[in-house]
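Accompanying notes for the structure given below.
When a ligand or atom number is given, it counts from 1 through the structure's own listing order. Treat the numbers as computed from the prediction; the structure is a model and nothing was measured.
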Amino acid sequence: MAQQKSSWNQWKLLTKNGRQVWAYKPSSKDIDAHLDNSADFSEQERLAFNNDFTFDRGATPSSADKVFRAQAVAENGSTYKGEHPQSDDPQTQAVIDSLIKGMHYFSQLQSEEGHWAGDYGGPLFLLPGLLIASYITETPFPDAHREMMKIYLFNHQHADGGWGMHIEGQPTMFGTVMQYVSLRILGASKEDPRLQKASQWIKENGGATGIPSWGKFYLSVLNLYDWNGFNSLFPEMWLFPKWLPVHPSNYWCHTRLVYLPMAYCYAERITVPENALILSLREEIYAEDFASIDWAKQRDYVCEKDCYTTQSPILKWMNLFTNGYEKVRPQWLRKKSTEYLLKYLQADDLQTDYLNIGPVSKAINSICTWHSEGKESPAFKKHVARWYDYLWVAEDGMKMSGYNGSQLWDVAFTTRAMLASDLGLLFPEVINKSYQFIDNMQIMAEHESHAEFFRHPMIGSWPFSTAEQGWPVADCTAEGLGATLAVHKAGIFKTTISDERIKLAVDIILSYQNKNGGWPTYELSRAPEWLEKLNPSEVFADIMIDYSWTECSSACVVALLEIKELYPDYKDLQIDTAIKRGLQFIVKQQKQDGSWYGGWAVCFTYATWFGIEALVQGKEYIDADLRQTCLDKACDFLLSKQMPDGGWGETYESCAKMVYTQAAASQVVNKAWALLGLQAASASSKDAIQSGIDLLLQRQLDNGDWAQENISGVFNYNCMITYSSYRNIFPIWALNRYYQDNAIKI
Ligand code: LAN
């Protein structure tokens, strides 16, 4: 078990109804009292931090969430009563022992309000955004936080001096310049050999002029780049009629809500005044003299190491027009646009209680609010209070999370994993608390400005993180509903989620089905796919509209199938049709080799499990031969990827390259997904399943945990994100399924 180190203990995770905030030496458990906790910080403490948060990214860049886990295990008692079923069959017994150990360990990490907190870091371009917001608004983080951030950033530096866009990625200009500038903002000296190496990396790779557009944006705000070297964000576009596909209301909500505050900053040309740090940085990150740079020529220049998507000819034409327009823009129209942008971003602040839809909007909305309402305004203060919801402490330092957490998602999966056999019932308090959390997280109200700002209906939905964050997700609704139904089906728990609320969730799922039969993430696909040609990000793919995904579609189909079982009369025909169309979509997504590509986790093993699950459970809604062929192909695919040790393992490159990429060693999480798929499909190769299960048992640690291995989550093909609970949830689920199917009970 991870040994707690002395300064780890000074950091405490405070939670309140899913909200998660790390406080340094808190005197109470009251979150609000510790939002800007500037506890005194001595040189001795600084040294202790640097001693205790050493981290070797060479072993694996994914931290194992040791700080949180050691604390939770030490502080949370266990409610497990010690009941331990016996079997005559040694193999079954080994599975029972492992499951009980695994569930017992994991249950100790559950918060009082029922969720599993955890590390949701991974991307390296998020913390810099927040630090830039804190710098420009002159709202520094407390010293203890700053030191921890510095430690994190240095811990993830590569030997060649650079940083990737995410913790596992190879160095890029975006990653390196953003971390470099962040460290300087945090007070690191340019004489520090690690920064000298980084500066050299930047210069040798062409300098910061080659940073991708999101980096160009942040540098412009910092007065380290000229707004003239940034392609226009054409703020007037927001005044277009909504029926035009290019109107931003048709974009994927994350893209919409990142470009919204960016457009405001661009329109206002928000820029920090020159000062000694800025002047010095201009020398540290450019290969040439800052004053001599021809900015207009840099607009489309992106360092080779960063390019993931390329500019389409239409985007080039559009930029030509919008950059030209910038020179003749009528002031009255610009004013009208910025007023609209502000009104919209303020609405998102209110709809999300200042959490915003995600980490990028969080930082940029803070800048806009500071600029428009002032540092002393209540709105800006509310923004600052929410910065802390996005910070996470692990053994590699303090990072910014990719969201305000993955609360609902992890609880829903855990509940389903535990209830996959009746062994989960040995932990009734855990299930009760999870259920209560799920109950609390269902979104039951819409904000007044909901429809005005293009929001999809959400009453009855579940979010990915918390209800107060207020963004419903199609598959999170499906998983929330699935977990609810699993608890109801068990029949022994006190249930509080009414039939009406279940039906509201079903209505939401139905409302999310796209024309192509699949399900998207947050909103329907609102514009044609050609809109992708206008993707200006250079580093992310498929961000312009909300697409249908295999995983989201499978989750929704499976939830609807469960509804058919428990509420056979509810919207009977409509649900039948939805399921059939959903299955057709899933079949179409299957690749020639039998696999499915996963858009939200690594990668083919993940989505192939989802694909199989829908086909298996949707038996009555699809042609039997077709179904069998698809399932056989899927199993063949999985079997063909089994490694000599009996496991499965993919690297993040599967996601970016869209080709199955075998990891050097098999990975527990991939193994679990492959096993879940093979078991669901009742694959004929029992030996393969057996060897996979044996390996899961072997890899379990003495305390019931599994080791953290490669990063498991992804978004937009090219950026990875940590799901620290997956190493527990999915092995438990796969083993539980095995027990359910094979147990030889006494
Ligand atoms: C997430 C996290 C959860 C994820 C699943 C529910 C797993 C998925 O099935 C649907 C998509 C969703 C909701 C998702 C979408 C993209 C998110 C919000 C994230 C990966 C978490 C962070 C990411 C967000 C876009 C990060 C900010 C970066 C930008 C490019 C804006």
Close N/O pairs between ligand 1 and protein, under 3.5 Å:
| residue | atom | partner | partner atom | Å |
| --- | --- | --- | --- | --- |
| ligand 1 | 9 (O) | Asp475 | OD2 | 2.4 |

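The closest donor-acceptor contact from the side chain of Thr608 to the backbone of Phe604 lies under 3.5 Å.
Using bins of under 30°, 30° to 60° and over 60° for the plane-to-plane angle, the ring pair His115/Phe437 lands in the parallel bin. In this pair, Tyr717 and Tyr597 present their aromatic rings parallel. The plane angle is below 30°, not in the 30 to 60° band. Using the six-membered ring where Trp is involved, Trp392 and Trp22 have ring planes that are perpendicular, over 60° apart on the 30 and 60° scheme. In this pair, Trp409 and Phe464 present their aromatic rings tilted. The plane angle is within the 30 to 60° band.
Taking the six-membered ring wherever Trp is involved, the centroid distance between the rings of Trp596 and Phe610 does not fall below 6.0 Å.
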